[in-house]
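If you're wondering where the values come from, they're calculated on a predicted model, not measured in any experiment.
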Amino acid sequence: MSIIEDAMRRASDNGGARYALDTGATRPRMRRPSTVPVDAASVRRYPHITPDPRRMERHCILPMVSDKAALRAFKILRTRVLRRLEHHKWHSLAVSGVAAGEGKTLTAVNLAMALAQDVNTWVYLIDLDLQRPQMASYLGLDIERGLSEYLTGEASIDNIIYDIGMERLAIIPTTRPFQQSSEYLTSPRMLELLHTLEREVPRRILVFDMPPLLASDDVLAFAPQIDAMLLVVSEGVTGRTLLRGAQEVLSEMNLIGVVLNRSRERNDSAYY
């Protein structure tokens, strides 16, 4: 049974718990490659902006999550994603869903934060849901310039990357929606941004929050620029018909795994 087929089976069930994940069959154990220590003083600094802790708590954003099962789930997801990225020598990951409301922005933000908590991992989190940007709202950020202004030539790259106070994590939010989103995603300015981020030292993992697969052609248009796709489905919400449509789109991409959100399967024992 494929990971998509398994997600289709489980997504048809109704459940109450918020989190579970399925990232596919496990791979052989491997040692993480040795890393060269990074001199933090030599790392580029970005303008600091403070997120709103109350907004983060309302949207279940790390580290404001009190649900221990959710914290464990994102740590497990982080480790499995890191192993697969390292196995394939991949550096960019798009997070998407099938339709709206499945939790893909929540997953993208929390995964990026969990990755940055690893002392060897540096991360850029980029909001590429240009038609319905949510990342700044989830974090409670009050910003005037973001990816929107860069793509229209109103801001430079250095003006749109922010430090939110989490070491090894930098974010690029989007401030306003675009209707011609796929055209902007394939524009020369977007390619220039990607090349700049990829050349940054230390090299960072790029985590893209992308729109749902079946909502537009954005993911397909941007697919040549990403190494892997992480699909988010929601138990009791994502329909089988939609998943079958997504399976056809994903056949053209490197599917790294599937995250099952709002799952009723959980373990709240004192130890695990």
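Using modelled atom types, no side-chain atom of H59 and backbone atom of Y138 make a donor-acceptor pair closer than 3.5 Å. Within the 3.5 Å criterion, the main-chain N or O of P211 finds a donor-acceptor partner in the side chain of S96. Between the side chain of S182 and the main chain of A221, no donor-acceptor pair closer than 3.5 Å is present. Remark: the backbone N or O of D127 is paired with a side-chain donor or acceptor of T174 at under 3.5 angstrom. Checking side-chain atoms of R78 against main-chain N and O of A114 turns up a donor-acceptor pair under 3.5 Å. Looking only at distances, no side-chain donor or acceptor of N110 sits under 3.5 Å from a matching main-chain atom of T107. Side chain of T121 to backbone of Q117: no donor-acceptor contact under 3.5 angstrom is found. R84 places a side-chain N or O within donor-acceptor distance of the main-chain N or O of I256, the cut-off being under 3.5 Å. One N or O on the side chain of H195 and one on the backbone of L191 form a donor-acceptor pair closer than 3.5 Å.
Note: Y46 and Y162 fail the aromatic proximity criterion, with ring centroids not under 6.0 Å apart.
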**OP:** Give the C-alpha distance, both sets of side-chain angles, the deciding distance and a yes or no for side chain to side chain contact (heavy atoms under 4.5 Å, CB included) between L255 and L231.
**Re:** CA-CA 8 Å; L255 181 63; L231 182 68; 4.0 Å; yes
**OP:** Decide side chain to side chain donor-acceptor pair (under 3.5 Å) for T105 and Q134; before the verdict, give the C-alpha distance in whole Å, the side-chain angles of both, and the deciding distance to 0.1 Å.
**Re:** CA-CA 7 Å; T105 297; Q134 297 288 320; over 6 Å; no
Subject >> Stepwise side chain to side chain contact (heavy atoms under 4.5 Å, CB included) check, V109 with M135 >> reply: CA-CA 7 Å; V109 174; M135 198 170 77; 3.8 Å; yes
Subject >> Stepwise salt bridge (charged side-chain N to carboxylate O under 4.0 Å, His left out) check, K104 with D209 >> reply: CA-CA 7 Å; K104 54 93 181 170; D209 175 22; 2.9 Å; yes
Subject >> salt bridge (charged side-chain N to carboxylate O under 4.0 Å, His left out) between D227 and K89, intermediate numbers included >> reply: CA-CA 9 Å; D227 294 325; K89 294 181 171 49; over 6 Å; no
**OP:** Go through the steps for V65 and F74 under the test side chain to side chain contact (heavy atoms under 4.5 Å, CB included), then give the verdict.
**Re:** CA-CA 11 Å; V65 176; F74 277 108; over 6 Å; no
Subject >> Chi angles and distances behind the side chain to side chain contact (heavy atoms under 4.5 Å, CB included) call for L130, Q179 >> reply: CA-CA 8 Å; L130 299 186; Q179 292 305 314; over 6 Å; no
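Between V98 and E102, the shortest heavy-atom distance links the atoms N-OE1, 2.6 Å. In terms of heavy atoms, T175 sits closest to G146 at CG2-N, 3.7 Å. In plain terms, the two heavy atoms of M229 and L93 that are nearest each other are C-CD1, 4.1 Å. Nearest heavy atoms, L141 versus I164: CD2-CG2, 4.3 Å. Between M210 and D218, the closest heavy-atom pair is CE-O, 4.1 Å. What you find for L147 and M190 is that their closest heavy atoms are CD2-CE, 4.1 Å.
Looking at L125 and I172, their side chains never come closer than 4.5 Å, going by heavy atoms from C-beta outward. Proximity of I205 to W122: side-chain heavy atoms (C-beta onward) are nowhere separated by under 4.5 Å. At a threshold of 4.5 Å between non-hydrogen side-chain atoms, the residues L169 and Y124 do not count as touching. At a threshold of 4.5 Å between non-hydrogen side-chain atoms, the residues F208 and V95 do not count as touching. Here the side chains of S216 and Q131 are in contact, with some heavy-atom distance below 4.5 Å. Residues I161 and R44 are not in side-chain contact: their nearest non-hydrogen atoms beyond the backbone lie 4.5 Å or more apart. Side-chain contact between L128 and Y184: absent, with no pair of heavy atoms (C-beta onward) separated by less than 4.5 Å. In this structure, the side chains of M56 and M113 come closer than 4.5 Å at one or more pairs of heavy atoms.
Taking a 6.0 Å sphere around CZ of R55, one finds it holds more than 12 heavy atoms contributed by other residues, nucleotides or ligands. More than 12 non-hydrogen atoms from other residues, nucleotides or ligands lie less than 6.0 angstrom from CD of E154.
Between atom CG of residue L115 and atom CG of residue N120 there is a gap of 12.0 Å, rounded to the nearest 0.5 Å. Note that CG of L194 is 8.5 Å distant from OG of S92, once rounded to the nearest 0.5 Å. The CD atom of E200 sits 10.0 Å away from atom CD1 of I157, with the distance rounded to the nearest 0.5 Å. Atom OG1 in T50 sits 9.0 Å away from atom CG in D163 (nearest 0.5 Å). Expressed to the nearest 0.5 Å, how far CZ of R145 lies from OG of S148 amounts to 13.0 Å. The distance from atom CG of L250 to atom CD of Q247, rounded to the nearest 0.5 Å, is 8.0 Å.
The cationic group of R189 lies under 6.0 Å from the six-membered ring centre of Y150 and within 45° of the ring axis, placing it in a cation-pi geometry.
Using a cut-off of 4.0 Å between Lys/Arg side-chain N and Asp/Glu carboxylate O, R168 and D118 are scored as not salt-bridged. Classification of E198 and R204 as a salt-bridged pair fails, no side-chain N sitting under 4.0 Å from a carboxylate O.
With sequence neighbours excluded, the residues forming a salt bridge (charged side-chain N to carboxylate O under 4.0 Å, His left out) with R54 are D52, listed by chain and number.
If you check the side chains of N261 and S234, you find no donor sitting under 3.5 Å from an acceptor.
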